[in-house]
Trainee: 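Quick one: this structure, given as structure tokens, is what I'll be asking you about.
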Amino acid sequence: MTSPEFLQALLATTLASSAAMAVVLLLRGVVRRRLGASAAYLLWLAVPVAWGAVLLPAPRSAVLPMTALDAVLPATPAAMVQAAPMLPWAPVLGGIWAAGALLLMAWQLRQQRRFVRGLGTLQRGGEGCWRAQAAAGLPAVVGLWRPRIVLPVDFEQRYTAQERRLVLLHEQVHLRRGDIAVNALLAAMQCVYWFNPLLPLALRRCREDQEFSCDERVIARGDGARRSYGSAMLKTGLSLSPLPLGCHWRGPHPLKERIAMLKRPVPGKQQWFAMLLLSAGLSTGLGYAAWAAQPARAEKGAADAVHYGVKLQLDVDGEARSFEVRGPAGRPFAFSMDTPAGRRWEGEFTVEPLDAAQVVLSGTLREGGQVVATPTLVVTAGSPAGMRVDTKDAGSLFKMEAIVVDLGREAGAVAAPAPASQARIGAEPADAPASTVGFADMSPPRYPPSMHTGEVVLKVEVAADGTAAGVVVDRSSGHADLDEAAMEAARGWKFNPARKDGRPVAGKVRIPVRFDMDAPGTAGAGAP
């Protein structure tokens with residue numbers, strides 16, 4: 001994953017988790033009063049669900065058009081330049097994030113080590129517990145891989161027999177529920193999202209709800225020994241040192257609020273059922289909202305998208321082909337070229353406007369199915385820009401020269417004729433069209449219910465009036481429903497026909513149509 005992709009995923013998960021945390025912070029107080037502390041603790045499940053939903057792939061049909069000349073243009077000598085590095089802020093921001101995450105991780109490890117060292121030498125005691133040489137912050141559950149219950153040095157002297165039973169029950173509830181793993185996840189989130197101002201408050205409230213829920217479970221199983229349990233709380237020493245990987249009592253601690261909660265009745269079966277429904281509904285709703293928001297962010301609507309036109313001259317080991325790409329910015333296109341030596345190059349690129357006179361051409365090049373490069377090229381209107389990429393074995397060379405022929409045209413507008421210096425890349429044969437087929441109106445195909453994936457290559461005969469006179473499958477995807485969906489969509493596409501001597505003429509074009517379960521944030525044409 002590149003730096004921009006990582007930062008995009010980081011931002012998406014930050015927004016989704018922050019929205020979930022804000023909702024839980026608003027609801028936890030009311031839910032705790034009505035349904036109990038365990039219900040409030042269960043609400044926090046919505047945060048990791050929303051976080052993970054953003055990273056799930058959404059079903060979309062990605063249409064990657066590439067218009068091609070029937071006549072092959074000869075390659076012309078061009079100054080091939082290395083792609084200019086784009087978006088220099090991405091590695092800078094990535095470095096700042098990494099430095100903050102590492103510093104916070106080091107700080108947490110130091111806190112963990114300080115607390116563990118403060119316990120002194122541990123001695124194994126009865127009931128699977130360990131006895132420390134200290135008292136502050138104990139009893140506690142310490143450790144992640146081998147969690148253990150650690151008791152203070154004066155455990156028998158400080159607590160009565162009834163209080164000792166309740167205290168041990170409290171720590172055993174932490175251990176059985178896996179609260180150590182929850183706290184480890186919270187510590188990891190604190191490292192990854194250290195820049196999120198809402199996170200410290202949310203983590204503090206989550207750990208408080210964890211303790212409230214544990215108290216509630218102890219009272220439910222403690223035969224109504226509320227007074228003894230409250231007395232045990234007052235006798236427990238608070239630690240000034242935090243424990244990232246563990247469950248302990250530290251100051252400041254909501255001790256007064258915990259003791260006040262002991263007066264409330266224990267939730268019954270109906271309340272437990274209601275809390276499960278509430279937690280599941282909230283998590284599902286927030287998760288679905290975060291997931292459903294992804295495709296809309298990946299593309300612009302055809303009505304307000306900026307259209308562009310870029311001509312490409314490709315040369316692979318001496319085999320030259322010319323392409324022209326026309327469509328809304330942000331919609332990717334694809335191409336493939338085979339050489340007599342059996343080499344197959346495939347490319348997938350996206351054009352995005354940079355300013356009023358420049359576009360950014362970025363994407364992925366594959367040779368033999370393996371990624372060779374992920375180039376980024378800045379193309380200025382009226383000036384050709386190029387790149388060259390070699391395979392690792394130096395057995396094949398890919399060259400690409402691009403020139404902008406149309407930039408900034410709104411959907412439905414008619415492009416002004418490009419100057420000759422922009423419209424021509426090389427010397428055209430006398431019988432070649434003066435311009436190539438382009439897209440005027442293209443709606444993505446429907447995604448079949450089968451959710452198959454694959455790529456269909458269509459061969460479309462474009463009439464002089466811009467309609468699709470004939471559509472056939474040049475290369476099947478292996479799934480009849482995908483082939484039919486692509487053909488059905490192509491029959492309704494409108495084209496800008498090729499022109500020769502100023503008049504529209506019929507032409508042909510090969511169009512790859514890819515059906516894929518794209519990862520969130522990947523540019524593509526969303527399914528209607």
Side-chain angles (χ1 to χ4, degrees), residues 58-70 295-296 298-310 323-336 348 350-351 406 409-415 433 435-499 504-518 523-528:
R60 295 181 292 174
S61 57
V63 183
L64 309 177
M66 186 66 169
T67 60
L69 292 174
D70 287 342
E299 61 174 352
K300 293 182 178 180
D304 58 357
V306 175
H307 280 52
Y308 63 86
V310 177
F323 297 90
E324 182 176 350
V325 184
R326 289 184 180 273
R331 176 172 292 173
F333 62 89
F335 59 84
S336 61
E348 181 178 322
T350 302
V351 179
D406 185 15
R409 179 168 57 90
E410 296 297 328
V414 178
S435 67
T436 61
V437 176
F439 280 103
D441 183 14
M442 180 186 67
S443 300
R446 60 177 178 81
Y447 208 116
S450 64
M451 291 301 177
H452 289 141
T453 60
E455 183 179 77
V456 186
V457 178
L458 302 177
K459 183 179 290 184
V460 182
E461 295 182 5
V462 181
D465 61 357
T467 60
V471 180
V472 296
V473 175
D474 189 52
R475 188 176 72 234
S476 173
S477 65
H479 301 286
D481 55 347
L482 298 187
D483 296 350
E484 181 58 33
M487 294 176 64
E488 179 183 351
R491 294 187 186 103
W493 290 344
K494 294 290 293 183
F495 298 85
N496 295 318
R499 304 185 74 84
V505 296
K508 297 180 181 179
V509 64
R510 293 176 73 249
I511 307 173
V513 181
R514 190 184 68 190
F515 293 83
D516 201 356
M517 302 291 288
D518 290 343

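Being a predicted model, the structure only gives us computed values, none of them experimental.
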Trainee: Quick one: does Trp493's side chain get under 4.5 Å of Val471's, heavy atoms only?
Mentor: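 Trp493 does not reach Val471 side chain to side chain.
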Trainee: Can you see which heavy atom on Ser476 is nearest to which on Gly478, and at what distance?
Mentor: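 Heavy atoms of Ser476 and Gly478 come nearest at OG-N, 3.0 Å.
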Trainee: Measure the spacing between CD of Glu461 and OG1 of Thr467 and express it to the nearest 0.5 Å.
Mentor: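 It is 11.0 Å, given to the nearest 0.5 Å.
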Trainee: Quick one: pull up CZ in Arg475 and CG in Leu458 and give me the separation to the nearest 0.5 Å.
Mentor: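 Taking CZ in Arg475 and CG in Leu458, the distance rounds to 10.5 Å.
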Trainee: Closest heavy-atom contact between Ala464 and Pro504?
Mentor: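 For Ala464 versus Pro504, the nearest heavy atoms are O-CB, 3.4 Å.
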Trainee: Are the side chains of Val460 and Lys508 in touch, meaning some heavy atoms are under 4.5 Å apart?
Mentor: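 With C-beta onward as the side chain, the pair stays apart.
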Trainee: Show your reasoning for whether side chain to side chain contact (heavy atoms under 4.5 Å, CB included) applies to Val457 and Glu455.
Mentor: CA-CA 7 Å; Val457 178; Glu455 183 179 77; 4.3 Å; yes
Trainee: Taking all non-hydrogen atoms of both residues into account, name the closest pair between Ala490 and Ala468 and its distance.
Mentor: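 Scanning both residues, the minimum pair turns out to be O-CB, 3.6 Å.
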Trainee: Can you tell me which residue among Val472, Val456, Val473 is in a side chain to side chain contact (heavy atoms under 4.5 Å, CB included) with Met487?
Mentor: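 Going through the options one by one, the only one that passes is Val473.
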Trainee: If you look at every heavy atom in Gly454 and Leu482, which pair is closest and at what distance?
Mentor: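 Scanning both residues completely, I find the closest heavy atoms to be N-CD1, 3.9 Å.
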